[in-house]
Amino acid sequence: MKTKFLTAALLLLFVGFVQKLSAEPLLGFKVSKTGEDWIGTANATFQVNDKVNVNAELDSTGYLELGAGYGQMLGRVYAEAFTSYGRAENVDIYDLGIFAGTALSAKVLVFASSSHQWRETKGFPVMELELFDQREWKNSIGASYDPIGWLKLSYTFKHDRLLEGGGWLLVENDNISSHEFMITAKPKWVEPYLKYVYGEHRVRPGEPVTNESTVELGVNFKF
């Protein structure tokens, strides 16, 4: 309970600080279901200027993540370097990577990302694990299609490789892959979406790997 209170307080302080810097906040809420487990998440992204953004997430397990990105157009390609730090009761996560995307037409966008992630795991309550570190190489590639002005369909393939440290929790495989399908409605200020993920993946960064499918329902608010 104390950890969740501290993470919530940190998030409120962070949001209050960046709101003074940003004129274009993007707020979102989502609920994910895997098997019998539900996780709720609130997130906020603030565009500090035309190149720099900062973001924060807090979920119902107490996991807090703070991040930042620096992006710009390189010809027809948008490229963004990003970094983040996440903290839960049992794990600290550091991430450093790059995202790139380009429009093939007025309706089709392709994108990819690659990042290096360091995880310091402290052990889970039901498992007697010693403190150990993991390094993971995380990659994704995908595309989105806007068939009509207010609707977007997207698909993303993700592949994560364990480079160093203990084996994947719950799934004995140093290479895991997943498929993500998403439908997003795009009215002017609100963007509800439905996401379906299958394959070996983490529902949230602070959770162990699962091979059960995940359904996620969320909404983003643009101001």
Side-chain angles (χ1 to χ4, degrees), residues 1-19 25-46 53-69 82-97 99 113 115 117-127 129 134 136 138 140 154 156 158 160 168-171 176 178 180-182 184 190-222:
M1 180 64 69
K2 183 178 180 180
T3 300
K4 291 185 177 181
F5 176 79
L6 290 174
T7 54
L10 284 172
L11 180 63
L12 289 174
L13 289 172
F14 177 80
V15 170
F17 172 72
V18 297
Q19 271 187 318
L26 174 65
L27 306 179
F29 304 93
K30 60 186 177 183
V31 177
S32 303
K33 184 178 187 297
T34 304
E36 300 299 320
D37 298 325
W38 294 82
I39 298 178
T41 305
N43 58 78
T45 300
F46 302 87
N53 68 80
V54 292
N55 56 79
E57 286 192 355
L58 177 66
D59 69 27
S60 56
T61 70
Y63 176 77
L64 171 66
E65 183 175 289
L66 305 176
F82 61 85
T83 185
S84 66
Y85 165 70
R87 181 176 180 82
E89 184 176 356
N90 301 305
V91 63
D92 290 335
I93 303 173
Y94 307 85
D95 212 347
L96 180 65
F99 167 89
S113 70
S115 70
Q117 188 175 95
W118 296 263
R119 305 176 64 90
E120 186 178 87
T121 304
K122 305 171 184 177
F124 288 79
V126 296
M127 305 171 70
L129 297 176
Q134 289 180 324
E136 299 175 13
K138 306 174 70 65
S140 68
S154 65
T156 306
K158 296 184 177 182
D160 300 345
W168 296 101
L169 297 177
L170 302 185
V171 178
I176 64 173
S178 62
E180 178 183 293
F181 300 88
M182 189 169 174
T184 305
V190 180
E191 293 187 356
Y193 68 86
L194 176 65
K195 181 191 295 184
Y196 173 73
V197 183
Y198 78 91
E200 297 169 322
H201 66 289
R202 299 181 192 274
V203 183
R204 293 286 295 143
E207 296 297 297
V209 171
T210 180
N211 56 10
E212 294 190 44
S213 298
T214 297
V215 176
E216 179 178 303
L217 181 64
V219 59
N220 292 316
F221 299 90
K222 304 176 75 172

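Annotation: side chain of Glu212 is not in contact with side chain of Glu200 (no heavy-atom distance under 4.5 Å). Between Val209 and Ile176 the shortest side-chain heavy-atom distance falls below 4.5 Å. No side-chain heavy atom of Leu194 sits less than 4.5 Å from a side-chain heavy atom of Glu216. When side chains are defined from C-beta on, Thr61 does not count as touching Arg204, because their heavy atoms never get closer than 4.5 Å. With a 4.5 Å cut-off on side-chain heavy atoms, Leu27 and Asn43 do not count as touching. Lys138 is not listed as a side-chain neighbour of Lys158, based on a closest heavy-atom distance of 4.5 Å or more.
Taking Thr184 as the reference, Lys152, Met182, Lys186, Glu191, Tyr193 meet the side-chain contact (heavy atoms from CB on, under 4.5 Å) condition, with sequence neighbours excluded. Applying the salt bridge (Lys or Arg N to Asp or Glu O under 4.0 Å) rule to Asp37 yields no partners; only residues at least two apart in sequence or on another chain are considered. Residues passing the side-chain contact (heavy atoms from CB on, under 4.5 Å) test with Phe82, sequence neighbours excluded: Glu80, Phe99, Ser115. Every residue was checked against the side-chain hydrogen bond (donor to acceptor under 3.5 Å, both in side chains) condition with Ser84, not counting sequence neighbours, and none meets it. Partners of Val31 by side-chain contact (heavy atoms from CB on, under 4.5 Å), not counting sequence neighbours, listed by chain and number: Trp38. Listed by chain and residue number, nothing satisfies the ring-ring contact (aromatic ring centres under 6.0 Å, His included) test with Tyr196 (two or more places apart in sequence, or in another chain).
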Assess whether side chain to side chain contact (heavy atoms under 4.5 Å, CB included) is satisfied between Tyr85 and Leu66, documenting all intermediate values. CA-CA 5 Å; Tyr85 165 70; Leu66 305 176; 5.6 Å; no
Working for side chain to side chain contact (heavy atoms under 4.5 Å, CB included), residues Glu207 and His201: CA-CA 9 Å; Glu207 296 297 297; His201 66 289; over 6 Å; no
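The distance from the CD atom of Glu136 to the CG atom of Asp160 is 6.5 Å, given to the nearest 0.5 Å. Note that OG1 of Thr45 is 5.0 Å distant from CG of Leu26, once rounded to the nearest 0.5 Å.
Arg119 contributes a side-chain N or O that, together with a main-chain N or O of Pro205, makes up a donor-acceptor pair within less than 3.5 Å. With Thr83 contributing its side chain and Asp95 its backbone, the two residues share a donor-acceptor pair below 3.5 Å. Of the possible polar contacts, one joining the Lys33 side chain to the Gly35 backbone as a donor-acceptor pair under 3.5 Å is found.
The two residues Ser140 and Thr156 make their nearest non-hydrogen contact at CB-CG2, 3.9 Å. The two residues Ser32 and Val203 come nearest to each other via the heavy atoms CB-CG1, 3.8 Å.
Tyr63 pairs in a side chain to side chain contact (heavy atoms under 4.5 Å, CB included) with only one of the listed residues (Leu58, Ile93, Thr41), which is Ile93.
Using modelled atom types and a 3.5 Å distance limit, the side chains of Thr34 and Thr214 yield a donor-acceptor pair.
Taking the six-membered ring where the residue is Trp, Phe29 and Phe221 present perpendicular rings, their angle passing 60° and hence far from 30°.
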